[in-house]
Amino acid sequence: MNSLRRITGNSLLSKVYQESRRILSVRFLYSEPFLGLDKYAEARQRTSSRLGSMRENFYNRMKSQLSNPAKSMIFTEDLKTVIHSCDDNPEELELCVQMMKRFHKQNKELRFGTFIFGPVALRLFYHLQKTDLMGEVFNDPELDGFFDQLKSYLLCMNLCFKNGKYSEVIESFEECQQKKLGDSKFPREVVVLTTGACYKLNTPESFQLATNIVTQAREGNFTVLRKSLNFVAALALQQNKPDVALEILSSMPGNRWIVVNNLRLTALTDLNRIQDVFTILREVVEQNITRQQRPLGEICQSTVDHIKQAVDSANDKETSHTFEQLARSLTEGNCVTSRTMDDLLCVEIRPRPFPRDDNSSYSFGRRNDFSDGPFREREKQSFSGDSQPGRRRFAGLAEEF
């Protein structure tokens, strides 16, 4: 990420990166199971049990190998063990980094194994919450190419998002595109994090960048996830462009999505289309389902308040009366939530395993029908093991994880 100056020749991106502001709400976008961190933690426990009382001897042997002037070879299993047992202390972390560097250097000259260490190493830093060290290692020239996997970028970008480093999320997206990682110029999960970072920055420049990304992706017939579109629509509303927000939301027909509904209601309110707002509220209130089946909190209280403010400004008795009736029905039907739009937009993405047709990963077409039978073992696995031959896919994941 130290390549900031190198990739910001574009004045638009420069302004985005120069923006610095206090962030009120930071969180992960992708959950720990989605990123394989739960499986990594389990592997740490197994490694700790295996080492037992031999842990100190093992680490002393690794230090001896590194200090050997003959430059002893670092073996795959030894590096795996260190990455899955390293504790949060400077000496062990430095040992781990130096072993990674020597392993990477020797692998450039002679490579036998297929194990990919990039994502696993980043899970170590993620697990220990070493954000700064992750950034240093990620950009270390001696490890150039070590982290050139899409899932490594996803891990790094997600931790940056969690820590409010949104400009670095955008920078990583640019680097990912430059290195042409994965099968797509616009990897779906990376686009989600990038548009989320643009939404958090909330500047005219970040709005322009987000709309450019989504527009180019869709023109290139790349799949753009609904969460990305929601981020861009929400950003358009923050930038006082409800017409743009409504145009984006029109690509997601129907009223079954809670976030989409709230964004659409806000956009219509800003455009003073109160009768259209009432139509959507009636559809929510008059759903042909029992109260027990109705999902709780379909409309944010902040959305209701926003509509009320517009209704009050209209100063029309009939409009006010209609709104009061609908607002009462929403409350009685448990349709109002205290969660904010930001809460809904940034809710964690969790994995939902299922087999996927390899040829349809990036198409707009309908997914193949899947049987209701039990998943094969391959589909049940997390992507915490990173041997190249295996393919592991999750709902919402566009790459091989």
Side-chain angles (χ1 to χ4, degrees), residues 27-52 55 58 75-88 92-93 96-97 99-100 103 113-131 133-134 137-138 143 146-163 172 181-182 187-190 192-193 347-356 358 361 374-401:
R27 69 200 76 189
F28 294 100
L29 266 188
Y30 289 98
S31 65
E32 292 191 358
F34 195 105
L35 298 171
L37 293 167
D38 57 337
K39 298 298 181 184
Y40 171 78
E42 292 172 7
R44 282 182 65 93
Q45 293 178 350
R46 291 194 299 270
T47 303
S48 177
S49 299
R50 177 167 56 84
L51 285 175
R55 187 182 192 280
F58 171 77
F75 294 102
T76 299
E77 290 304 317
D78 288 340
L79 183 53
K80 279 185 184 179
T81 300
V82 170
I83 288 177
H84 287 94
S85 63
C86 182
D87 285 335
D88 187 5
E92 291 189 6
L93 286 169
C96 181
V97 171
M99 287 182 67
M100 286 162 51
F103 181 86
T114 60
F115 193 86
I116 300 174
F117 273 104
V120 186
L122 289 181
R123 289 187 190 107
L124 164 65
F125 302 126
Y126 213 121
H127 179 81
L128 299 177
Q129 291 295 296
K130 293 294 182 180
T131 312
L133 180 57
M134 177 190 280
V137 172
F138 196 80
L143 290 169
F146 193 78
F147 300 106
D148 281 357
Q149 309 88 32
L150 194 57
K151 49 188 147 178
S152 291
Y153 273 80
L154 186 62
L155 281 156
C156 195
M157 291 171 71
N158 197 64
L159 188 58
C160 286
F161 188 95
K162 184 261 180 181
N163 286 284
S172 293
L181 301 181
R188 298 190 293 187
E189 294 69 39
V190 172
V192 167
L193 283 161
V347 68
E348 276 190 342
I349 301 172
R350 297 182 175 276
R352 180 168 55 89
F354 61 78
R356 172 178 285 169
D358 290 347
S361 294
F375 295 120
R376 293 171 291 173
E377 285 302 312
R378 180 172 64 84
E379 277 81 39
K380 290 182 181 179
Q381 295 173 353
S382 165
F383 64 96
S384 60
D386 292 285
S387 293
Q388 267 184 321
R391 287 179 167 230
R392 290 152 192 149
R393 294 181 178 275
F394 288 93
L397 282 174
E399 297 301 316
E400 294 177 20
F401 284 99

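Everything quoted here is computed from the prediction, not taken from an experiment. One-based numbering along the sequence shown.
- Classified by interplanar angle (parallel below 30°, tilted 30° to 60°, perpendicular above 60°), the ring pair Tyr153/Phe138 is perpendicular.
- Residues Phe75 and Lys80 have side chains not in contact (no heavy-atom distance under 4.5 Å, counting atoms from C-beta outward).
- Between Leu122 and Lys151, the closest side-chain pair of non-hydrogen atoms is not below 4.5 Å.
- Of the possible donor and acceptor atoms, none in the side chain of Ser152 sits under 3.5 Å from a partner among the backbone N and O of Asp148.
- Rounding to the nearest 0.5 angstrom, the gap separating the SG atom in Cys86 from the CZ atom in Phe125 is 7.5 Å.
- Across every non-hydrogen atom of Tyr40 and Ile83, the tightest pair is OH-O, 2.6 Å.
- Here the CG atom belonging to Leu37 is positioned 11.0 Å from the CG atom belonging to Leu124, to the nearest 0.5 angstrom.
- When atom types are taken as modelled, the side chain of Arg55 and the backbone of Ser85 share a donor-acceptor pair closer than 3.5 angstrom.
- Interatomic distance, Thr81 OG1 to Arg50 CZ, rounded to the nearest 0.5 Å: 4.0 Å.
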Leu79 and Phe115: side chain to side chain contact (heavy atoms under 4.5 Å, CB included), yes or no, with the steps?
CA-CA 11 Å; Leu79 183 53; Phe115 193 86; over 6 Å; no
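- In this structure, the side chains of Val137 and Met100 come closer than 4.5 Å at one or more pairs of heavy atoms.
- Side-chain contact between Glu92 and Cys96: absent, with no pair of heavy atoms (C-beta onward) separated by less than 4.5 Å.
- In this structure, Glu348 CD and Asn158 CG are separated by 8.5 Å, a value rounded to the nearest 0.5 Å.
- Atom CD of residue Glu32 and atom NZ of residue Lys39 lie 13.0 Å apart, to the nearest 0.5 angstrom.
- Not one N or O on the side chain of Arg123 forms a donor-acceptor pair closer than 3.5 Å with the backbone of Ala41.
- Residues Ile349 and Val192 meet the side-chain proximity criterion, which asks for heavy atoms closer than 4.5 Å.
- Taking the side chain as every heavy atom from C-beta outward, Leu93 and Leu128 approach each other to under 4.5 Å.
- In this structure the side chain of Gln149 never reaches within 4.5 angstrom of the side chain of Leu154, judged on heavy atoms.
- Atom SG in Cys160 sits 9.5 Å away from atom CG in Leu193 (nearest 0.5 Å).
- Looking at heavy atoms from C-beta onward, Pro119 lies in side-chain contact with Leu155 at the 4.5 angstrom threshold.
- For Thr47 (side chain) and Ala43 (main-chain N/O), a donor-acceptor pair under 3.5 Å exists by modelled atom type.
- In this structure, Val120 and Ile116 approach most closely via the heavy-atom pair CG2-O, 3.9 Å.
- Smallest separation of non-hydrogen atoms from Phe58 and Val82: CE2-CG2, 3.6 Å.
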